[in-house]
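Treat the numbers as computed from the prediction; the structure is a model and nothing was measured.
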Amino acid sequence: MTEPHPEPRRMTISDPQVMRALAHPARIAIMEHLSTRAGGGTATELAEIAGLSPSATSYHLRALAKFGLVEQAPSRGDARERVWRAFSQSWLVEAGQGAGPEARAAEQALVEAHSARDAERMRTWLRHAADEPPEWYRGALFSDSLLLLTAEELAGLNDAVMALFEPYRQRNRLVDPPADARVVAAQYRTIPL
C-alpha cells in the first residue's frame with residue numbers, strides 16, 4: 001500500500017517586499033533548486049548553485065526565510081548542519097490588476113530578473129549546442145507564435161499547457177527518473193498584444 005502524497009502547497013506572491021526579495025539572481029537560483037528537491041539543501045550545497053560563498057548564500061537563505069519563502073528542513077543526522085527547503089514547490093507572482101505603482105515596479109523587477117535568467121540559459125545553449133548529442137540538438141526548440149484567441153480560449157490554452165508540463169516537472173520525477181533524462185528549461189509565456 002502506498003502512502004498518499006500530501007497536496008503541494010502553492011503560494012501566490014503579491015507583496016512588493018517579497019517580490020523585491022526574490023528579484024535577485026542568486027535567490028531565484030536558490031528557490032528554483034529548493035522547489036525541485038525534496039531533501040532541501042544546505043548553504044554550502046546551495047552556494048555552488050547560486051555562484052556565491054556559503055556565507056553569502058546563508059545570508060540570502062535568511063532573507064528568503066524572513067519572507068516565508070524557505071524554511072528549515074529536518075536535519076539529515078548532523079545536528080550542526082542547517083538544511084533549508086522551499087515553503088512551497090509551486091509559486092505564482094501576481095501583483096493584481098488593481099496594484100499600485102510600488103507593487104507594479106516590484107513585479108516588473110522580478111519578471112525582468114527571471115527573463116534575464118531565461119535569456120542567459122538560451123545563450124549558454126546556443127554557445128554549446130554544436131557539442132550536444134544529435135538527439136538533444138534536434139529536441140531543442142525555440143518558437144514564437146502569434147495566436148488569435150478569446151480571453152476564455154487563452155485561459156484554456158494556458159491550463160492545457162500547464163497540464164502537459166506537470167508529469168515532467170523535475171520535482172515530480174525525482175524517484176526513478178529515466179536514465180537518460182536531463183533537466184530541460186521550458187519557458188512559456190502568453191501575453192495579449
Side-chain angles (χ1 to χ4, degrees), residues 8-76 78 81-95 103 105-129 131-132 136 139-142 161-162 165-166 168-175 177 181-189:
R9 298 182 276 194
R10 183 172 176 101
M11 176 184 279
T12 298
I13 299 169
S14 58
D15 183 321
Q17 283 187 302
V18 178
M19 287 187 262
R20 279 193 300 279
L22 264 175
H24 185 286
R27 292 177 187 176
I28 291 170
I30 290 167
M31 288 298 296
E32 179 181 72
H33 186 80
L34 291 178
S35 295
T36 59
R37 303 289 191 293
T42 65
T44 301
E45 294 164 353
L46 294 165
E48 187 174 334
I49 303 296
L52 300 170
S53 69
S55 61
T57 303
S58 184
Y59 166 80
H60 287 293
L61 283 162
R62 287 190 308 274
L64 291 168
K66 175 182 168 186
F67 291 106
L69 298 169
V70 299
E71 61 190 5
Q72 281 194 261
S75 173
R76 297 180 191 154
D78 182 354
E81 183 179 65
R82 181 182 265 185
V83 181
W84 297 89
R85 65 180 174 201
F87 174 78
S88 173
Q89 291 182 338
S90 176
W91 40 283
L92 168 71
V93 174
E94 184 177 355
E107 182 181 48
Q108 184 175 343
L110 181 53
V111 169
E112 287 175 0
H114 268 277
S115 295
R117 182 175 170 86
D118 295 344
E120 182 53 35
R121 285 178 167 167
M122 181 184 66
R123 285 189 294 273
T124 300
W125 165 259
L126 291 172
R127 282 193 302 272
H128 303 286
D131 301 325
E132 288 288 336
W136 288 102
L141 173 68
F142 297 95
V161 171
M162 291 298 104
F165 282 5
E166 198 58 32
Y168 302 104
R169 290 189 189 281
Q170 187 176 6
R171 66 176 179 255
N172 295 338
R173 297 192 98 188
L174 293 177
V175 178
R182 285 174 63 178
V183 175
V184 173
Q187 291 85 36
Y188 174 74
R189 297 175 183 93

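Residue Thr57 holds its OG1 atom at 11.0 Å from CZ of Arg27, rounded to the nearest 0.5 Å. Once rounded to the nearest 0.5 Å, the distance linking CD of Gln170 with CZ of Arg182 reads 13.0 Å. Of the inter-residue distances, the one linking Met31 atom CE with Ile28 atom CD1 reads 10.0 Å to the nearest 0.5 angstrom. With rounding to the nearest 0.5 angstrom, the CG atom of Leu126 is 14.5 Å from the CZ atom of Arg121. Separating the CG atom in Leu46 from the NE2 atom in His33 is a distance of 5.5 Å, to the nearest 0.5 Å. The line from CG of Leu69 to NE2 of His60 is 13.5 Å long, rounded to the nearest 0.5 Å.
Arg85 approaches Pro74 most closely through the heavy-atom pair NH1-CD, 3.4 Å. Of all the heavy atoms in Val70 and Leu61, the pair that sits closest is CG2-O, 3.4 Å. Of all heavy-atom pairs between Met19 and Glu107, the closest is SD-CA, 3.5 Å. Across all their heavy atoms, Pro16 and Ala106 have their closest contact at O-CB, 3.5 Å. The two residues Ile13 and Trp91 make their nearest non-hydrogen contact at CD1-CE3, 3.8 Å.
With no hydrogens or angles considered, a side-chain donor-acceptor pair links Ser55 and Ser53 at under 3.5 Å. Side chain to side chain, Glu32 and Thr36 fail the donor-acceptor criterion of an N or O pair below 3.5 Å.
A heavy-atom distance below 4.5 Å is found between the side chains of Asp118 and Arg189. With contacts defined as side-chain heavy-atom distances shorter than 4.5 Å, the pair Trp136/Val184 qualifies.
Shown are Leu22, Ile49, Leu64; of these, the side-chain contact (heavy atoms from CB on, under 4.5 Å) with Ile30 is made only by Leu64.
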Salt bridge (charged side-chain N to carboxylate O under 4.0 Å, His left out) assessment of Arg117 paired with Glu120: CA-CA 5 Å; Arg117 182 175 170 86; Glu120 182 53 35; over 6 Å; no
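Proximity of a side-chain donor or acceptor of Ser115 to a complementary backbone N or O of Val111 within less than 3.5 Å is detected.
Other residues, nucleotides and ligands contribute over 12 non-hydrogen atoms within 6.0 Å of the CZ atom of Phe165. Counted within 6.0 Å of CD on Gln72, heavy atoms from surrounding residues, nucleotides or ligands total more than 12; the atom is thus considered enclosed.
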